[in-house]
Amino acid sequence: PYALVNDVENIRILSELGVIFLMFSLGLEFSFQKLTRVGFSATVTGLIEVILMVIVGYGAGLLMGWSHYDSLFLGSALAISSTTIIIKAIDELGLKTKRFAELIFGVLIVEDLLAILLLVGLSTVVMTNSIFSLDMLSATVKLILVVGGWFIVGYFIVPTVFRRMAKYISQETLTILSVALCLSLVCLAAYFHYSTALGAFIMGSILAETVMVHRIEELIR
């Protein structure tokens, strides 16, 4: 009866929107060119980090007397960093323009993608008692096709459309269009049970390739 927060659902929605727009605005500062520049390093680093942390967490769980499944879940939980918290911390410290920040963002994106596979993998392991399964392979292929499709379609279509509209579009229309594109990819990500923050970041990176990225940044800010 003395609860300080009553409308939990709306607060949860507002917090989700805060994360979405934070990731979208940061995506505007990291175009495909920046991401591809650190792509290989980020992928290798992310894979090694996730594998090592899963092993460490699994071993720690076994030492505490946990079951194999519980230990595996512990390792997976430790392997995934909070993208939002880390990016926000880098932003507040004014380190976004540093070279290492690009690598960190790349690693975080790799972790987000691996987190999706880990969630599918863990649920599959629990249900089938098998680490390797067709469900895991299917989820991996689906993830590559879906996220790869977002990048390819966005890279070739969105910048072209914005280039042709640059002379005629008003600030209000540009704001609405940018936010609509962001939320559309967020909804698409949610539909496929992927991270909504990842969807927002990808759309920000797509719009970063347009001729109006600086105007969009100002309007979103």
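This structure is a prediction, so every number in the text was calculated from the model and none was measured.
Contact check for Ser15 versus Val19: no side-chain heavy atoms found under the 4.5 Å cut-off. Side-chain contact between Thr210 and Val213 is present, with at least one heavy-atom pair separated by less than 4.5 Å.
A pairwise comparison of heavy atoms in Ala200 and Cys182 identifies CB-SG, 4.1 Å as the closest pair. Summarising the geometry of Val107 relative to Ala42, their closest heavy-atom pair is N-CB, 3.6 Å, with the distance given to 0.1 Å. Nearest heavy-atom pair, Ala208 versus Gly27, reported as atom, atom and distance to 0.1 Å: CB-O, 3.9 Å. Nearest approach of Arg215 to Gln171, heavy atoms of both residues: NH2-N, 4.0 Å. The shortest heavy-atom contact between Ala189 and Gly199 is CB-CA, 4.3 Å.
Placement of Leu17 and Phe24 within a single hydrophobic cluster is found when ILVMFWY residues are connected by side-chain heavy-atom separations under 4.5 Å, directly or transitively. Under the 4.5 Å side-chain contact rule for hydrophobic residues, Phe192 and Ile20 share a cluster. A single hydrophobic cluster is not seen to contain both Leu52 and Leu78; linkage of ILVMFWY side chains at heavy-atom distances under 4.5 Å, directly or through other members, places them apart. Hydrophobic clustering (side-chain heavy atoms under 4.5 Å, transitive across Ile, Leu, Val, Met, Phe, Trp, Tyr) groups Leu188 together with Val186. Clustering ILVMFWY residues whenever any of their side-chain heavy atoms sit less than 4.5 angstrom apart, transitively, puts Ile176 in a cluster other than the one holding Met212.
Atom CZ of Phe100 sits in a crowded spot, with more than 12 heavy atoms from other residues, nucleotides or ligands closer than 6.0 Å.
Put simply, OG on Ser25 and CG on Leu219 are 13.0 Å apart, with the number rounded to the nearest 0.5 Å. A distance of 12.5 Å separates CD1 in Ile220 from CG in Leu22, rounded to the nearest 0.5 Å. Taking CD of Glu111 as the reference point, atom CG of Leu47 lies at 10.0 Å (rounded to 0.5 Å). Taking CZ of Phe73 as the start and OH of Tyr58 as the end, the distance is 13.0 Å to the nearest 0.5 Å. Here CD1 of Ile206 is found 6.0 Å from CG of Leu185. Values are rounded to the nearest 0.5 Å. Distance OG/Ser178 to CD1/Ile169: 7.0 Å, rounded to 0.5 Å.
Sequence neighbours left out, the pairs with a member in residues 9-27 that pass salt bridge (charged side-chain N to carboxylate O under 4.0 Å, His left out) are Glu9-Arg12. Here salt bridge (charged side-chain N to carboxylate O under 4.0 Å, His left out) pairs that include residues 159-183, with residues two or more places apart or in two chains, number zero.
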**Message:** Assess the residue pair Phe162 and Leu207 against the criterion (side-chain contact (heavy atoms from CB on, under 4.5 Å)); give the C-alpha distance rounded to whole Å, side-chain angles, the decisive distance to 0.1 Å, and a yes or no.
**Reply:** CA-CA 9 Å; Phe162 272 76; Leu207 291 179; 3.8 Å; yes
